[in-house]
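First up is the structure itself, then whatever we jot down about it.
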Number of protein chains: 2
Amino acid sequence: MTDEAYVSIWMRPEQTSRGPKPAYSRAQIARAAVRIADAEGLEAATMRRIAAEIGAGAMSLYRYVPGRDDLIVLMADLLMGEINLRGIPSVDWRADLTRYAEEVRAMWLRHPWIATVHRSLHSYGPNQLLLIEQIMGVLDPHVSVDENLVLMSILNGYVESVARDEVTAAEELRRSGLTEQQWLARTHPYVQQLLESGDYPLFTKIALEARHPRLTSDAQFHQGLTRVLDCIATAIPTTESQNNHEKP
Amino acid sequence: MTDEAYVSIWMRPEQTSRGPKPAYSRAQIARAAVRIADAEGLEAATMRRIAAEIGAGAMSLYRYVPGRDDLIVLMADLLMGEINLRGIPSVDWRADLTRYAEEVRAMWLRHPWIATVHRSLHSYGPNQLLLIEQIMGVLDPHVSVDENLVLMSILNGYVESVARDEVTAAEELRRSGLTEQQWLARTHPYVQQLLESGDYPLFTKIALEARHPRLTSDAQFHQGLTRVLDCIATAIPTTESQNNHEKP
DNA sequence: CTCCACTGGGTATGTTGTACGCAGAAACAA
DNA sequence: TTGTTTCTGCGTACAACATACCCAGTGGAG
């Protein structure tokens, strides 16, 4: 299915000309793979397992996809399509970016395995590209393209890194096969050892004094998000709706 | 080497009591693995390959490390030890955080495979924990622990997400085995197709009008970093050295 | 009706992490 | 010193993986 000048799966559309009608489709295969990865992790989504899920033989998948890596690219783009940005951009950029951040994080939590997928320009499919269009459209009326790129890289960096931490922990818990209580009980001795060693005073300060880690992960997320959006606000020249800053 | 209540490799220190003197060591094995991963990617650092690198039999490694995943944890902590933060915290928090950001990014570029490693609390080794101590120490005199956590998560999010994008591209190039020119020539048709489709006006605007993507990656990185630090500055109550803002 | 580009998929191969077992070495107990 | 125990290095073996190759069957093009 590949030849020497292969670039990406997006340059190799599904084609059907002569011969028997295909029994399956890329979308069907990708959806089955996502289902398995959601439930049991990306490493469980093997070619054989995916094929079994749709009732096909293992080697049949290679009629639709050059290899497993390309299939994962398809899966990732499917996920990007789940992000619902209807009504964006609106008149309220801050609300738009908040909604975007929440949607991205929610998608990550639904599909924790996305943290293991490498994404770069040539792997961007239609859904990812559409997302870029919509999100760049939010600040496009207010700032230059260059400024827009910088600000979105800060926002995306924050959102993805928080989401990454959350799903890393969630995946570890799932992989362990333990309940959350059991897992915490297992991890506790290590934390205890660090605290008692006395070598890590600031880590100790975080563990003992900080209220942030005791908030719900939702609240933690929004706390940082608010700061990021405040930062973006200062970069926007003339805003009629100057947002409410609160300093405790 | 593992039993039912296994937590992490940091709870299982290297021990030597009875029996023959070990011929190798965890550190030696981890260093060899890092060397291979740097040169050929993490997937090339197989147990057999690492063992061969130090002149051992494949199964000998399991006398030092419970499994490959734990070895990768050791490798990651070795990398954290490369980050040189001598003289931090100083009196100038902005210089400190800039240096930290640059050091982290430089480390990522030296070891691109770090992007594929999942890190979470119970995988944090001594070097990672020391890094946390040092970096939390920078703003500790100026803000509350909670504020500090939020601000550092924004900074780390930015730094790691930019570094991640850079090393993803670099790894793709390496994996292709092509020169940069050849690689760009390969990718070009896809970009061209996107531009010509007319479906992605903002993507087109970025490709044609933006100057940001034409800067060196160093300059791109520092541009966003400056903004992040400006954002942090607004969260610090009384600063004697109010930094120079420039608005074009 | 003939052809052949296509399909589904069985079999086979090379590579991986790692379980198991064994021979030898070093510390301990006598 | 002399067992005895507990460690070491590591060869062999195995299950799981992605996937190359092959072949039989199918259905639109001529």
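Reminder, nothing fancy here: chain letters follow the sequence lines and each chain counts from 1. All values below come from the heavy atoms of this structure, side chains included, with hydrogens, waters and symmetry mates left out.
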*asked:* Quick check: on DNA chain D, is the nucleotide nearest A:Ala44 upstream (toward 5') of the one nearest B:Pro22, or the reverse? Name the residue that is more 5'.
replied: B:Pro22

*Do the side-chain N or O atoms of B:Tyr62 get closer than 4.0 angstrom to the phosphate oxygens (OP1, OP2) of D:dC7?*
no

*Between C:dG17, D:dT19, C:dG8, spot the one nearest the side chain of A:Arg68, thanks.*
D:dT19

*Length of the line joining B:Asp69:CG and C:dT18:C1', which is rounded to integer Å*: 12 Å

I'd like a table of atom pairs between the protein and nucleotides 22-30 of chain C - only N or O on both sides, under 3.5 Å - with the distance next to each one.
residue: C:dA27; atom: OP1; partner: B:Lys21; partner atom: NZ; Å: 3.4

*Rounded to the Å, how far apart are B:Leu42 CG and C:dT15 P?*
19 Å

_Check the phosphate of D:dC10 against B:Tyr64, side-chain N and O only, distance under 4.0 Å to OP1 or OP2. Yes or no?_
no

*Between P of C:dT15 and CD1 of B:Ile50, the distance in whole Å*: 17 Å

*Flag the pair A:His188 / A:Trp183 as yes when their ring centroid distance falls below 6.0 Å, and as no otherwise.*
no

*When all nucleic acid strands are considered with a 4.0 Å heavy-atom cut-off, which category describes B:Ala58: base, sugar-phosphate, or nothing?*
nothing

*Side chains of B:Ser120 and B:His118: closer than 4.5 Å at any heavy-atom pair?*
no

_Heavy atoms from C-beta onward define the side chain here; which of D:dG9, C:dT18, D:dA18 lies closest to that of A:Met47?_
D:dA18

*Between B:Glu160 and A:Ser161, is any side-chain donor less than 3.5 angstrom from a side-chain acceptor?*
no

*Are A:Glu43 and A:Arg174 close enough for a salt bridge, meaning some N to O gap below 4.0 Å?*
yes

*Give one of base, sugar-phosphate or nothing for A:Ser60, where a contact means two heavy atoms less than 4.0 Å apart.*
base

*Could you check how far CE of A:Met59 sits from P of D:dC17, rounded to whole Å?*
15 Å

*Check every strand shown and say whether B:Ala51 touches a base, only sugar-phosphate, or nothing at a heavy-atom separation below 4.0 Å.*
nothing

*Please give, in whole Å, the distance from C:dT15 C1' to B:Glu40 CD?*
15 Å

_Distance in angstrom units between A:Glu43 CD and C:dG17 P, rounded_ = 15 Å

*asked:* Quiz question: by atom type and distance under 3.5 Å, do the side chains of B:Tyr6 and B:Asp70 form a donor-acceptor pair?
replied: yes

*Any luck finding a side-chain donor-acceptor pair between B:Tyr100 and B:Asn156 under 3.5 Å?*
yes

_Can you confirm if the NZ or CZ of A:Arg119 lies within 45° of the ring axis of A:Tyr124 and under 6.0 Å from the centre of its six-membered ring?_
no

*asked:* Measure OH/B:Tyr24 against P/D:dT8 and give the value in whole Å, please.
replied: 13 Å

*asked:* Looking at the base of D:dA18, is there any donor atom on it, or on the side chain of A:Arg48, that sits under 3.5 Å from an acceptor on the other one?
replied: yes

*asked:* Students often get this wrong, so: under 4.0 angstrom with heavy atoms, is B:Ala56 touching a base, only sugar-phosphate, or nothing?
replied: sugar-phosphate

